[in-house]
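Residue numbers begin at 1 in each chain, while the letters A, B, ... track the order of the sequences. Note that the structure is a prediction, hence the values are computed from the model and not measured.
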Amino acid sequence: EADIYQTPRYLVIGTGKKITLECSQTMGHDKMYWYQQDPGMELHLIHYSYGVNSTEKGDLSSESTVSRIRTEHFPLTLESARPSHTSQYLCASSVGGDTGELFFGEGSRLTVL
Amino acid sequence: QKEVEQNSGPLSVPEGAIASLNCTYSDRGSQSFFWYRQYSGKSPELIMFIYSNGDKEDGRFTAQLNKASQYVSLLIRDSQPSDSATYLCAVKERAGFQKLVFGTGTRLLVSP
């Protein structure tokens, strides 16, 4: 079983609030990712990281930001949440190499009122 | 054209039947292909990967790859109601970060 944890699992907040979604993994993986997924829709990569102090924006434009100060920690922040940010956010990590296996956290479901 | 295309379904099969899930991709040079399963309300989990043309079997699952046709499929034999889920096809980018590009997924319903 993968050791990757996300908090909070569910969050309901008002417009304009700042939020941080936490993601931690204990597998020592260098690569980490944030995906956004709406019900019945595909996964969209919004941020990824090669390792400490390395972050990149993904294919889907996002107003969120990320940081990677420690290998195991990859938090995602929204400075001012809006209803359009309502979605499921999935964090993942991988060891790299050829396997391509991503280990996903259980997700954070965000609702912005 | 999307990079990875799947029929969204739902694909309905009776228990015990073979379910066939299909995926096409646009980058002819792609080398690595993956099938993830996602239960409703859960996160995706890897069930198979395939790199070479032909078939790869793992239990009730068989992945098939045809690079000339840019086509990858997943067969599930003796389908069970517990196989009901969305199956995501993913293709690994050749260069750079080599991240996975996911299709929209095919929803499979196996009826008892």
Side-chain angles (χ1 to χ4, degrees), chain A residues 1-7 9-10 21 23 25 27 29-51 54-60 66 68 74 87-109 111, chain B residues 1-11 23-27 30-52 56 58 63 65 72 84-109:
Chain A
E1 193 162 311
D3 295 319
I4 180 164
Y5 308 100
Q6 290 185 242
T7 58
R9 292 287 314 284
Y10 304 93
L21 304 180
C23 177
Q25 51 97 2
M27 297 171 283
H29 290 169
D30 286 326
K31 292 185 176 181
M32 295 190 74
Y33 314 74
W34 276 103
Y35 285 89
Q36 187 174 342
Q37 186 181 36
D38 294 318
M41 302 297 288
E42 66 234 74
L43 289 162
H44 288 290
L45 182 66
I46 53 175
H47 296 283
Y48 60 96
S49 169
Y50 284 92
S54 162
T55 62
E56 301 285 345
K57 287 189 178 293
D59 303 320
L60 181 68
V66 293
R68 190 90 183 273
F74 191 40
S87 190
Q88 169 91 327
Y89 293 85
L90 292 166
C91 181
S93 71
S94 69
V95 67
D98 287 335
T99 67
E101 182 169 11
L102 298 180
F103 295 90
F104 284 88
E106 292 188 315
S108 293
R109 183 166 294 282
T111 302
Chain B
Q1 181 189 5
K2 286 190 174 182
E3 293 182 61
V4 180
E5 297 215 42
Q6 297 181 257
N7 187 318
S8 61
L11 172 66
C23 171
T24 58
Y25 58 94
S26 60
D27 184 356
S30 296
Q31 299 293 321
S32 307
F33 308 87
F34 307 85
W35 283 99
Y36 280 77
R37 177 177 61 200
Q38 186 175 23
Y39 290 112
S40 180
K42 300 294 186 182
S43 298
E45 56 180 339
L46 180 69
I47 51 174
M48 290 206 66
F49 60 88
I50 186 167
Y51 305 144
S52 304
K56 179 182 179 182
D58 184 0
L65 175 60
V72 57
S84 297
T86 296
Y87 290 80
L88 305 171
C89 174
V91 179
K92 192 174 187 180
E93 288 186 333
R94 280 185 286 162
F97 192 74
Q98 296 187 320
K99 56 186 181 291
L100 297 187
V101 179
F102 285 88
T104 55
T106 298
R107 187 173 167 221
L108 173 66
L109 297 175

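Here B:Pro44 is the residue among B:Ser8, B:Gly103, B:Pro44, B:Ser43 with the most heavy-atom pairs under 4.5 Å with chain A. When each of A:Met41, A:His44, A:Glu42, A:Gln37 is checked for heavy-atom pairs under 4.5 Å with chain B, A:Glu42 comes out on top.
Interatomic distance, B:Lys99 NZ to A:Tyr48 OH, rounded to the nearest 0.5 Å: 4.5 Å.
More than 12 heavy-atom neighbours from other residues, nucleotides or ligands sit within 6.0 angstrom of CD on B:Glu45. Remark: B:Lys42 NZ is loosely packed, at most 12 non-hydrogen atoms of other residues, nucleotides or ligands lying under 6.0 Å away. Other residues, nucleotides and ligands contribute more than 12 heavy atoms inside 6.0 Å of the CZ atom of B:Arg37.
Residues meeting the ring pair (Phe, Tyr, Trp, His ring centres under 6.0 Å) test with A:Tyr89, sequence neighbours left out: none.
Residues B:Leu100 and A:Ser94 form no side-chain contact, since every pair of their non-hydrogen atoms from C-beta on lies 4.5 Å or further apart. A:Leu43 places none of its side-chain heavy atoms less than 4.5 Å from the side chain of B:Tyr36.
Only the backbone of A:Ser49 comes within contact range of chain B, with at least one heavy atom under 4.5 Å from a heavy atom of that chain. Using a 4.5 Å cut-off between heavy atoms, B:Gln38 contacts chain A through its side chain alone, with no backbone atom that close.
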